[in-house]
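Sharing a structure below in structure tokens format, with a few things to ask.
Start at 1 and go down the list; that is how both ligands and their atoms are numbered.
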Amino acid sequence: MVLNGRPLTVLVVVSLWLLLVCGLSYGVQSDIDCLKGIKAELEDPYGYLNTSWNFNNNTEGFICKFTGIECWHPDENKVLNIRLSDMGLNGQFPGAIKNCTSLTGLDLSNNKLFGIIPKNISHIIGYVTSLDLSSNNFSG
Ligand SMILES: *[C@@H]1O[C@H](CO)[C@@H](O)[C@H](O)[C@H]1NC(C)=O
Ligand SMILES: *[C@@H]1O[C@H](CO)[C@@H](O)[C@H](O)[C@H]1NC(C)=O
Ligand SMILES: *[C@@H]1O[C@H](CO)[C@@H](O)[C@H](O)[C@H]1NC(C)=O
Ligand SMILES: *[C@@H]1O[C@H](CO)[C@@H](O)[C@H](O)[C@H]1NC(C)=O
């Protein structure tokens with residue numbers, strides 16, 4: 001097989017492009033799934049998430065405007081921090097948080113969350129350096 005310069009270059013460029021596009025869209029989609037999952041898992045009696053967390057508008061960075069969400073960049077669906085304190089949220093620790101793979105801070109304090117804090121929480125939120133679950137009804 002003979003490969004002269006040009007087809008090889010094209011191949012390399014296309015491969016890199018595919019890698020980049022797949023990598024990016026994967027990260028982005030998992031963060032959207034993360035927030036969708038959290039919204040589905042938590043009861044929100046005062047409608048804080050109900051009105052703000054709207055998944056119908058799929059523009060780049062749309063989740064960054066959600067109540068309590070901070071992104072790494074305002075125009076990229078990649079969640080840096082989740083701050084949902086004092087919202088009357090009810091339910092168990094939302095397992096969907098594991099899909100926010102770039103999360104560094106999580107504040108769910110002052111809500112009505114209950115149940116056991118997962119033992120493997122350090123695997124679920126591996127990069128979180130700031131965690132506040134105080135003033136809930138967690139056990140264990
Ligand atoms: C959530 O929003 C929908 C439509 O925006 C509304 O019909 C529903 O009553 C709201 N639910 C709560 C609990 O606020
Ligand atoms: C979708 O979100 C973007 C960014 O927040 C906003 O500029 C745009 O107006 C929204 N579009 C609709 C149809 O809501
Ligand atoms: C994470 O997202 C995937 C889809 O991307 C979904 O199938 C899975 O149930 C989610 N995990 C959790 C714990 O919600
Ligand atoms: C954490 O443990 C639960 C069961 O206790 C399991 O379903 C889940 O996959 C585990 N998550 C991780 C990230 O290890």
Within the 4.5 Å heavy-atom criterion, are Ile38 and Ile82 side-chain neighbours or not? yes
Write down the atom of Glu76, the atom of Cys64, and the distance for their closest heavy-atom approach.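 Scanning both residues, the minimum pair turns out to be O-SG, 3.3 Å.
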Do any N/O atoms on Asn99 end up under 3.5 angstrom from N/O atoms on ligand 3? yes
Are any non-hydrogen side-chain atoms of Asp31 and Asn99 less than 4.5 angstrom apart? no
Does any non-hydrogen side-chain atom of Asn81 lie less than 4.5 Å from one of Ser130?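 Counting from C-beta outward, Ser130 and Asn81 never come under 4.5 Å.
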Test your reading of the structure: does Ser30 have an N or O sitting under 3.5 Å from an N or O of ligand 3? no
Check for me whether Ala96 has a heavy atom closer than 4.0 Å to any atom of ligand 3.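 Judged by the 4.0 Å heavy-atom criterion, Ala96 does count as contacting ligand 3.
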If the cut-off is 4.0 Å to any non-hydrogen atom of Gly95, which atoms of ligand 3 fall inside it?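 Those of ligand 3 that fall under 4.0 Å from Gly95 are 13 (C).
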